[in-house]
Amino acid sequence: MSETFQVVIIGGGPGGYVCAIRSSQLGFKTACIESKNTLGGTCLNVGCIPSKSLLNLSENFNKVKKNFSNLGITTGKVTLNLSKMMKAKKKSVTVLTKGIEFLFKKNKITYIKGQASFKSNNEIIVQEKNSKKIYKANRIIISTGSVPTSLPGIKIDEKIIVSSTGALSFDKVPKELVIIGGGYIGLEMGSIWKRLGSNVTVIEFLDHIVTGMDKDISIEFLKILKKQEINFKLNSKVTAVSLVKGKAVVDYTSNKTNVREKIHADKVLVAVGRKPNTEGLNLKKMSIKCDNQGRIQVDNKFQTSIKNIYAIGDVIKGPMLAHKAEEEGIAVAEIIAGQSGHVNYNIIPGVIYTSPEVASVGKTEQQLINENIKYKIGKFPFMANSRAKVINETEGFVKILADEKTDKLLGVHIVGPYAGDMIAEMVLAMEFGASSEDIARTCHAHPTYSEAIKEAALAVDKRPIHS
Ligand code: NAI
């Protein structure tokens, strides 16, 4: 007889595993089905975590090699042991994925290994190797994440033409690395391999990088990355990638001049976005509706077109971010329990973990203009922040956008040291409906990078102290 659960979650990534823990906390008999060998999904296995490990390790390598001697620290010859670095990355991943297994045990969640597909609206078939089992569930939550997309005619082989997964595991530093797409993935992966010795060229379709970010930030960020000697071909469309004698030839056309050019590469990273991962779930047979981008349609309670089936994370609309999926995982479990689970989509931070980091929350200046909202701006450069000066990390600035009349914070954008952690202060402030004056009057420890936030808030009212 098949086992019955109150809640079954398909997918053990940040959305799914967090949802499983919250469901169990709320007293539901919960199971989580995962097809890969480890829990944690893209984020822990081939995304956020391994990339942050390599970003940190490559940054250390770069610092020791380039900066230490000027600071009175003499080392011997600094060399790279890539396989050791990859081992360190793998260890970080293993510790964290095993950590989720531990949390599942602690929370008495049944961990089912295998590939899930719908048999009916409350039966799921799970296939693992040669065995097939059916599980019953009152409520089912789809949290199957996303997979990389490619361009027409360009086939990712994970050897020469790679997605982020392949680019996290090169066994040799590619001499020439071409990256298609100047978004989150392209710029993080480009930074890693540039620091480790590749000549990196990013080809981006638009005339700016990180589309959707505040324009000032995008301009400053590009300047900084160019200084780090990453090459950019903006306003350029990649049309084909061919393989010749184990190397790649990338064809691209300038959007401005229509001139066709070629660039040779040892590896090509395709980083042009991701798409919902719904293959094999049997959604069509179940009549679960998707939109024209393949995202599962849900209402404001995460309910699909079938009442007891829900969806969260990258398979539904919204930014494809682990922390957005986690919030949705918690909210949907609480909604199922009759509570008022809720996600504030206006205040979801975005972070790019380059050096320096880029972080953003709320509206960009362009969005405010488009929405005809009157605003004030406060900006403060890290060049005038004492901590940044001492540590010699003075690139970038904080930009605060506040409502012209009420002074309420509308958006905060940072390019600069530890921006990814510093943005938390402003996320919280915005959740509490703070004004820029509230931030300006809050005591910030000295000397810290966070004083740049206070100064930017003061600058909204044209009264910064240090600039
Ligand atoms: P993206 O959507 O951020 O950027 C893709 C870029 O490719 C765009 O700028 C687009 O204009 C460009 N592009 C598309 N077609 C092109 C062509 N033919 N030639 C040249 N350029 C072209 O996608 P990305 O970087 O692949 O990231 C996927 C998702 O993963 C994003 O939603 C992101 O939020 C998430 N992610 C988040 C991270 C973080 O939070 N730090 C890190 C990595 C990924």
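Just so you know, these numbers come straight off a predicted model, no measurement behind them. All ligand and atom numbering here is 1-based and tracks the order in the structure.
Sorted by first and then second residue, the salt bridge (charged side-chain N to carboxylate O under 4.0 Å, His left out) pairs with a member in residues 152-161 form an empty list; sequence neighbours excluded.
At a heavy-atom cutoff of 4.0 Å, ligand 1 is contacted by the backbone of V351 but not by its side chain. Contacts with ligand 1 closer than 4.0 Å are made by side-chain heavy atoms of I180 only, the backbone lying farther away. Counting heavy atoms closer than 4.0 Å to ligand 1, residue P319 contributes nothing at all. At a heavy-atom cutoff of 4.0 Å, ligand 1 is contacted by no atom of Y252, backbone or side chain. Residue contacts with ligand 1 for T211 involve side-chain atoms from C-beta outward but no N, CA, C or O (heavy atoms, distance under 4.0 Å).
Residue L321 has at least one heavy-atom neighbour below 4.0 Å for each of these atoms of ligand 1: 34 (O), 37 (C), 40 (O). Near F205, meaning under 4.0 Å from one of its heavy atoms, ligand 1 places the atoms 16 (C), 20 (C), 21 (N), 22 (C). Counting the atoms of ligand 1 from 1 in the order shown, those under 4.0 Å from a heavy atom of Y353 are 41 (N). Residue L206 has at least one heavy-atom neighbour below 4.0 Å for each of these atoms of ligand 1: 11 (O). The R274 neighbourhood of ligand 1 comprises atoms 28 (C), 29 (C), 30 (O), with distances under 4.0 Å to a heavy atom of that residue. Annotation for ligand 1: atoms under 4.0 Å from non-hydrogen atoms of I203 are 20 (C), 21 (N).
The main-chain N or O of T364 is found under 3.5 Å from a side-chain atom of Q367 such that the two form a donor-acceptor pair. Using a distance-only test at 3.5 Å, with no hydrogens or angles considered, no donor-acceptor pair links the side chain of N277 to the main chain of G145. Side chain of Q297 to main chain of K289: no donor-acceptor pair is present (N/O by atom type, distance under 3.5 Å, no hydrogens or angles).
Considering only heavy atoms from C-beta on, V95 stays 4.5 Å or farther from K98 through its side chain. Between V162 and V270, every side-chain heavy-atom pair lies at or beyond the 4.5 Å cut-off. Counting heavy atoms from C-beta on, the side chains of Q25 and N107 come closer than 4.5 Å. For the pair I263 and Y252, the minimum side-chain heavy-atom distance is below 4.5 Å.
Summary of contacts: the protein heavy atom closest to atom 32 (O) of ligand 1 is M320 CB, 3.6 Å. For atom 9 (O) of ligand 1, the closest non-hydrogen atom of the protein is E204 OE1, 2.7 Å. Annotation: atom 13 (N) of ligand 1 to nearest protein heavy atom, V272 CG1, 3.8 Å. Scanning the protein heavy atoms around atom 42 (C) of ligand 1, the nearest turns out to be E188 OE1, 3.5 Å. Among all non-hydrogen protein atoms, the one lying nearest atom 5 (C) of ligand 1 is A271 O, 3.3 Å. The shortest contact between atom 7 (O) of ligand 1 and any protein heavy atom is with G181 CA, 3.3 Å. Of the protein's non-hydrogen atoms, the one nearest atom 44 (C) of ligand 1 is I185 CG1, 3.2 Å. Atom 37 (C) of ligand 1 has as its closest protein heavy atom Y184 CD2, 3.4 Å.
The closest side-chain donor-acceptor pair between N231 and N199 falls under 3.5 angstrom. A side-chain N or O of N235 and one of N255 form a donor-acceptor pair less than 3.5 Å apart.
Residue contacts with ligand 1: L151 is placed with no nitrogen or oxygen under 3.5 Å of a nitrogen or oxygen of the ligand (distance criterion only).
Salt bridge status for K324 with E327: absent, with no side-chain N to carboxylate O gap under 4.0 Å. Classification of K363 and E371 as a salt-bridged pair holds, one side-chain N sitting under 4.0 Å from a carboxylate O.
At least one heavy atom of S236 sits less than 4.0 Å from an atom of ligand 1.
Of the listed residues (G273, P152, G183, G47), the one carrying the non-hydrogen atom nearest atom 23 (O) of ligand 1 is G273.
Atom 20 (C) of ligand 1 is approached by the protein to below 4.0 angstrom, counting heavy atoms only.
Here Y418 pairs with Y449 under the ring pair (Phe, Tyr, Trp, His ring centres under 6.0 Å) rule; sequence neighbours left out.
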